[in-house]
Amino acid sequence: MDYLFQTDINGALEYLEREPGDAIDVFQTSLQPTLDYYQGSPEARMALAQVLFRAWHFRDVHRTDFSVSRYGRGIHTAEYLALVDSNGLFDYMMTNLYLIPVEDAISVLQELLKHDSTEKAGRFLIHYLRIAHALREDFDYMEAIRFLLSNKYSITGDQRLELQRLFKDQLKLCRSSRRTSLENLMAILGMPPCSDVTKKRKRIEVLVSPVQLSIDMKEQWELTKDKSHRNAFILICDHFQKESRAFPSLAATEISGLPRALISQTLFQKLAKKLDDTRSKLNQRKKWCLMALYNQIPGWKSVLTAMVQFTDLWIEEWIHPDVSETFLSLISSENLIIQSYQHLRRLLNVLQLNVIEKRKAEDVCRFFYKLLDRIEDPAKLVALRNFIFTDMIHDHPMTFNLFGSISVVDLKIEITRALNQHVRLENGCTDSHVLRKLLMLSILYPYGVMKEIVSECIMSKDKQRTIIPLLYQMDGLCRLGITNTESGKVTTLFDEFFQNYLSEIRSDGTNINLADVRAFFRSTTQDLKEKSNDIPVLGPYERAAFSANIPINLGTFLRDQLPGLLAIPNDSTSIKLGLEILAAACHVESEQWEKLTDITTLPESILLKAQPIELCFVLTKIQNLRYSNSLDLPPQYAEMALTIQQKLSAAISLTTNYDTTVYSHILVIMKKLEKDFDWRARMLWSDLDYSICYRHDPSCAKITVPSAVKSLVHTLGGSCQIFEGREMQNEDPWAVFFDCCKLSLSFINQVFAVIHIIRRRSETSSTLMLSIGKRILGRRLPSAVLRPNVR
């Protein structure tokens, strides 16, 4: 029937597009044969009323709603009212209006009142006031009444009598805040005041209102002796029953032409019969909840939310396959997964899990696992994972498993199975099924997923090519963490894994392939979409800190984790590992170091935000320990520490014009070196010290050299000053001289600037000195650092 009337309207609209004319006559001529065929029966008129309402009210969505004619013209308001009147559809129209949401019904009536120019406009008033009375907010109610105050209406004798009775009833029942608006409307319409209202005003104040109901529920909970989980659900259901309307409604879906049954009739009858077998208080409330969903009464979404929040009371019904599928689909479509998680967490934290309760908890966990498995969108999985992690981390360790001791599924096996199925596609992406599975598992066990992926990478360099792209697509998994409010130190999932990994190495002596670790850090600390900078440590700090395209936050790792790793005494494994990581971050082989002249971006780099002075100081300690034979460190790693420190010093020296605090910090370090370290440590810092001093005051810039070389170089034409700190006895001056050349490029520059002085002092040794000096000069740093032109 609906289809036939819709076809008639489509034909009329198509005709009007070709031949514009009297639209009302065209519509009536097209609809009349179908109406006559059904002999004008009530069913036919109801169907016609619904089709006309759709064609008028939803004409703006004709391109996206298949229940509306595809012709954009639709039916205009005046035409709609004329067709309603000519076919006697007013009562059917109002029946439909009572079934749609109150706010929508008020908007529809206001639109009709604006365009109804007949003497019949007053016929809407009774229905308008009844629907407005159901508005929950006082502001909305007063706005609805204010709309009526701006117009005049013709009211018949019968309408006037009915309005008087309605005003009398509403004045008794309405809140005191609404009475003034209602009395003003009565005066505008010429209605006499209700004589008995004043006498009963005090009684009106104690009538139950929606606001009072919520207070009563709270008070009732405080007064009840049984504060059990079960009784809380019963009390909430009683509150819903008082607040809900007494009629069922499929109106919104019927009018829009998109019917959708939340629960099938067969399933409803099956569950209702089961609940009737045991007529307890709880089962009676559960049956009412099912009826609310089946009939889709206004507020059914709130009922469903309450059901989800008390899943443990429903799980016996929901675990059956046919029932489970219905409620899994319903909860997913209504976006109630967060509420489901919150209930699960309370259940696992609060309940005393005896045998019965533990079985119930297992069923709830299994239900939640199936619920997660229905999420197809990776972005939604990531958002849910981040929310749950942030919520759990306040009172759980970062290694938490959401299900705790409940063994619903072996998450480690599931993670391993997913990784075994991982195949990198030609476009560099991961199979969507595997990615979705890993994202889902990262909601339940984020540390476990991250640990398995990273372990695969650092244990075998060959797997990095296929596994690391997967880590990029996990959208910030390694970055999840917590910030210490006192120290500001950030500890991420990756940091936690790294510390546990080091503990395993120290405890069981596991061999570690340092080259694989270095390759891993080299590949995971850069944005694959931004390859403009070949040196990760000189990349922008903001991008490293907040970009989801970079798995590991190099800035916080260098600042919070690496200094501690390098500073562990008598642990050469940790120190070698730290140096490899730092070498990867600095990419010491990069040719960009030779071209390092653009200092405008350096102040915002990762290096300058990661406390580089302390990092260089730690490197100095390492070299000092090796010189004193206190640390068993292979020569290549001592050389690596020296090279990294020189690179970092070069970058730091280029930023002193922007960060004046560096200068004062360097002075503090230099005084500490004089007091606690030998001349070699001082020479390691001489390039940075000389460059910074030269920029601030060229006349005071001097290189501090050990007293052992005084007989050879004196003060190099006034460019050096003698270091009178701790010296080693019987040092060979030339051995010290060549070590100074190796440790300080600024010293070499000054030597060649005043080479004639040294030649006069020792002609026989100058050739040897020049050959070794030239060899050392083969490892030059950028000219911008080696700087200062000394004449």
Side-chain angles (χ1 to χ4, degrees), residues 489 498-499 502 505-506 514 517-518 521 537 557-586 588 607-608 610-653 661-692 703-706 723 725-728 731 736 739-740 742-747 781:
K489 182 179 179 180
F498 196 77
Q499 293 301 323
L502 288 177
I505 293 173
R506 298 188 189 106
L514 296 172
V517 176
R518 180 172 180 174
F521 271 88
V537 77
F557 189 86
L558 292 183
R559 184 191 67 197
D560 301 331
Q561 303 297 324
L562 192 63
L565 184 64
L566 293 172
I568 300 176
N570 303 321
D571 187 351
S572 60
T573 300
S574 296
I575 292 175
K576 286 188 289 186
L577 182 60
L579 289 173
E580 290 283 4
I581 294 172
L582 194 52
C586 294
V588 291
L607 175 63
L608 267 295
Q611 300 178 343
I613 304 299
E614 286 76 2
L615 206 54
C616 286
F617 190 63
V618 171
L619 292 172
T620 302
K621 286 183 178 180
I622 292 173
Q623 295 172 79
N624 190 64
L625 287 172
R626 186 178 178 278
Y627 275 125
S628 61
N629 296 320
S630 301
L631 179 65
D632 182 18
L633 192 67
Q636 66 268 29
Y637 284 99
E639 185 71 17
M640 185 184 294
L642 174 61
T643 303
I644 292 172
Q645 180 165 348
Q646 289 178 336
K647 304 288 188 186
L648 296 184
S649 297
I652 295 170
S653 67
T661 60
V662 174
Y663 178 62
S664 57
H665 205 163
I666 292 293
L667 294 179
V668 173
I669 293 292
M670 297 304 287
K671 289 180 179 179
K672 192 168 186 178
L673 292 173
E674 277 189 39
K675 180 180 178 183
D676 300 328
F677 294 82
D678 67 9
W679 62 269
R680 291 184 179 86
R682 178 83 184 196
M683 288 303 298
L684 277 172
W685 287 74
S686 60
D687 288 338
L688 184 57
D689 181 38
Y690 180 69
S691 176
I692 291 176
I703 301 173
T704 304
V705 297
F723 173 44
R726 296 166 50 199
E727 296 290 338
M728 297 182 66
E731 287 266 15
V736 174
D739 276 345
C740 288
K742 180 179 180 180
L743 296 173
S744 173
L745 294 169
S746 297
F747 179 71
L781 283 184

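Thr643 OG1 to Glu639 CD: the interatomic distance, rounded to the nearest 0.5 Å, is 4.5 Å. Note that the CG atom of Leu579 and the CD atom of Gln636 stand 10.5 Å from one another [nearest 0.5 Å]. The line from CD of Gln645 to CG of Leu688 is 9.0 Å long, rounded to the nearest 0.5 Å. Atom CD in Glu580 sits 8.5 Å away from atom CD1 in Ile644 (nearest 0.5 Å). Between the OG atom of Ser572 and the CG atom of Leu577 there is a distance of 11.0 Å, given to the nearest 0.5 Å.
Residues that satisfy the side-chain contact (heavy atoms from CB on, under 4.5 Å) test with Pro612, not counting sequence neighbours, are Leu607, Leu608, Ile652. For Ala584, the side-chain contact (heavy atoms from CB on, under 4.5 Å) partners are Arg518, Phe521, Arg522, not counting sequence neighbours. Partners of Arg559 under the salt bridge (Lys or Arg N to Asp or Glu O under 4.0 Å) rule, at least two apart in sequence or in another chain, do not exist in this structure.
A donor-acceptor pair is defined here as one N or O able to donate and one able to accept, closer than 3.5 Å; no such pair exists between the side chain of Ser691 and the backbone of Asp687. Here the side chain of Ser686 pairs a donor or acceptor atom with the backbone of Met683 at under 3.5 angstrom. Looking only at distances, no side-chain donor or acceptor of Ser744 sits under 3.5 Å from a matching main-chain atom of Cys740.
Side-chain contact between Thr573 and Leu502 is absent, with no heavy-atom pair separated by less than 4.5 Å. Side-chain atoms of Leu615 and Leu582, non-hydrogen and from C-beta on, do get closer than 4.5 Å to each other. Under the 4.5 Å side-chain criterion, counting only non-hydrogen atoms from C-beta, Lys742 is in contact with Leu642. Side-chain contact between Leu743 and Trp685 is absent, with no heavy atoms from C-beta onward closer than 4.5 Å.
Between Gly578 and Leu565, the closest heavy-atom pair is CA-CD2, 3.6 Å. For the pair Phe557 and Ile581, the tightest heavy-atom approach, listed with the atom from each and the gap, is CE2-CG2, 3.9 Å. Summarising the geometry of Pro563 relative to Leu558, their closest heavy-atom pair is CD-O, 2.9 Å, with the distance given to 0.1 Å. Residues Ala583 and Met640 share a closest heavy-atom pair of CB-SD, 4.0 Å. Cys586 approaches Leu648 most closely through the heavy-atom pair SG-CD2, 3.6 Å. Minimum interatomic distance between Leu619 and Leu566 (heavy atoms only, all atoms of both residues): CD2-CD1, 4.4 Å.
Dense packing is recorded around NZ of Lys576, with more than 12 heavy atoms of other residues, nucleotides or ligands lying under 6.0 Å away.
Across Ile622, Leu514, Ile575, a single residue satisfies side-chain contact (heavy atoms from CB on, under 4.5 Å) together with Tyr637, and that is Leu514.
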